[in-house]
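The first residue of the sequence shown is numbered 1, and numbering continues consecutively from there. Order of appearance sets the numbers: ligands from 1, and atoms from 1 within every ligand.
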Amino acid sequence: MSRVAYVNGRYLRHAEAGVSIDDRAFLFSDGIYEVIEVFDGALFDEAGHLDRLARSAAELRLNLPMGEAALKFVLREVVARNRVRFGHVYLQVTRGAARREHYFPSPGTPPNLVITARPHDPVAGDAKARKGIEVITLPDIRWKRPDIKTVSLLPNVLAKQQAKEAGAGEAWLVGADGFITEGASSNAWIVDAEGSLITHPADSSILCGITRTRLLAIARAKAIRVIERAFTVAETYAAREAFISGATTLVLPVVRVDGRMIGDGAPGPTALGLRAVFHDPVASLG
Ligand code: PDD
């Protein structure tokens with residue numbers, strides 16, 4: 001079965017789907033996106049992702065081409081047409097196609113909406129979590145609004161590639177003040193010696209992950225002490241546990257940072273415990 005992509009009202013064969021070379025995201029990375037997990041055929045935390053999409057659009061003064069109800073319908077249609085039961089959906093909205101000028105195009109220019117879906121193997125994800133990943137730290141050279149989920153991801157791409165070349169699965173980005181903000185494509189967490197769960201506050205220097213928000217709710221329901229504050233590289237090296245979170249990775253333990261072993265060098269109980277209950281309704285965890 002060939003993959004199907006949604007492009008501006010049409011369902012097309014993925015390989016033949018496309019937008020104009022004048023698309024503003026192609027020219028200026030003038031667009032926003034979301035990645036939503038498909039769990040057992042359903043769009044997990046869909047409301048949170050759509051709220052964040054609306055926020056990103058408002059921050060960039062970008063019009064969404066359809067309302068939430070229509071968008072939900074198309075998202076389901078793309079999942080169904082690609083027969084995805086476990087995987088993720090990718091949604092991108094750009095400021096449309098127009099002659100290359102930095103100014104916004106004329107008000108009537110329609111935004112471009114592309115939605116694709118891809119399956120993933122949940123068993124492989126769990127196996128990776130049991131092993132844990134390595135992380136390297138790098139300077140955070142992004143613009144000052146990473147809280148907006150734009151497709152402008154060049155610093156993230158460079159960091160991720162550098163991590164891969166170092167044999168690591170993620171790069172943790174360090175601000176000029178020496179504090180870690182987040183990962184190149186995930187949020188960053190540590191567990192300190194007292195067992196407190198620590199993650200950067202959701203200010204303008206990180207993307208407020210939908211996975212992060214759910215994990216905070218789960219942790220609080222399980223009476224784990226949670227502290228939303230920035231932490232340093234030195235604190236990370238001394239942490240009992242470390243992990244990353246995101247819609248594609250869920251909770252992934254970090255066992256080494258910059259070559260130094262975290263805790264005993266094995267995935268920690270907090271990270272694995274949070275991963276194990278991640279898809280359970282938060283209300284039932286208390
Ligand atoms: N990345 N921080 C950054 C920089 C991210 O790119 C992501 C997600 C997150 C986690 O957000 P969420 O929990 O809502 O997925 C944090 C997506 C998955 C990506 O770019 O592929």
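Listed by atom number, the atoms of ligand 1 under 4.0 Å from A247 heavy atoms are 12 (P), 13 (O), 15 (O). Against a heavy-atom cut-off of under 4.0 Å, N187 is close to the following atoms of ligand 1: 10 (C), 16 (C). Atom numbering of ligand 1 starts at 1 in the shown order; those under 4.0 Å from a heavy atom of G246 are 10 (C), 13 (O), 15 (O). Listed by number with element, the atoms of ligand 1 under 4.0 angstrom from any heavy atom of T211 are 12 (P), 13 (O), 15 (O). For ligand 1, the atoms lying closer than 4.0 Å to a non-hydrogen atom of E182 are 2 (N), 3 (C), 4 (C), 16 (C). Atoms of ligand 1 lying under 4.0 Å from any heavy atom of G209, numbered from 1 in the order shown and given with element: 11 (O), 12 (P), 13 (O), 14 (O).
Every heavy atom of P146 sits 4.0 Å or more from the atoms of ligand 1. Heavy-atom separations between R52 and ligand 1 include at least one value shorter than 4.0 Å. For the ligand labelled ligand 1, residue K149 lies inside the 4.0 Å heavy-atom shell. In this structure, G183 has a heavy atom closer than 4.0 Å to ligand 1.
For R3 (side chain) and A117 (main-chain N/O), a donor-acceptor pair under 3.5 Å exists by modelled atom type.
By the criterion of side-chain heavy atoms lying less than 4.5 angstrom apart, applied directly or through intervening Ile, Leu, Val, Met, Phe, Trp or Tyr residues, Y90 is not grouped with V4; the two fall into different hydrophobic clusters.
Contact annotation: the side chain of F86 never approaches that of V123 to less than 4.5 Å [non-hydrogen atoms, C-beta and beyond]. Put simply, the side chain of V135 does not reach to within 4.5 Å of the side chain of I262, judged on heavy atoms.
Scanning the protein for heavy atoms near atom 6 (O) of ligand 1, the closest one is S185 CA, 3.4 Å. Nearest non-hydrogen protein atom to atom 21 (O) of ligand 1 is V35 CG2, 3.8 Å. Residue, atom and distance of the protein heavy atom nearest to atom 19 (C) of ligand 1 are Y33 OH, 3.7 Å.
Here the shortest heavy-atom distance to atom 18 (C) of ligand 1, taken over T248, V151, L215, L250, belongs to T248.
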Taking it one step at a time, do K149 and I32 satisfy side-chain contact (heavy atoms from CB on, under 4.5 Å)?
-> CA-CA 6 Å; K149 202 161 172 64; I32 56 177; 5.6 Å; no
Checking side-chain contact (heavy atoms from CB on, under 4.5 Å) for the pair H200/R212: CA distance, chi angles, key distance, verdict?
-> CA-CA 10 Å; H200 197 288; R212 172 190 182 281; 5.9 Å; no
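A donor-acceptor contact closer than 3.5 angstrom links the side chains of S152 and S29.
Here F39 and F278 keep their ring centres 6.0 angstrom or further from each other.
A cation-pi geometry, defined here as NZ or CZ lying under 6.0 Å from the six-membered ring centre and within 45° of its normal, does not hold between R61 and F104.
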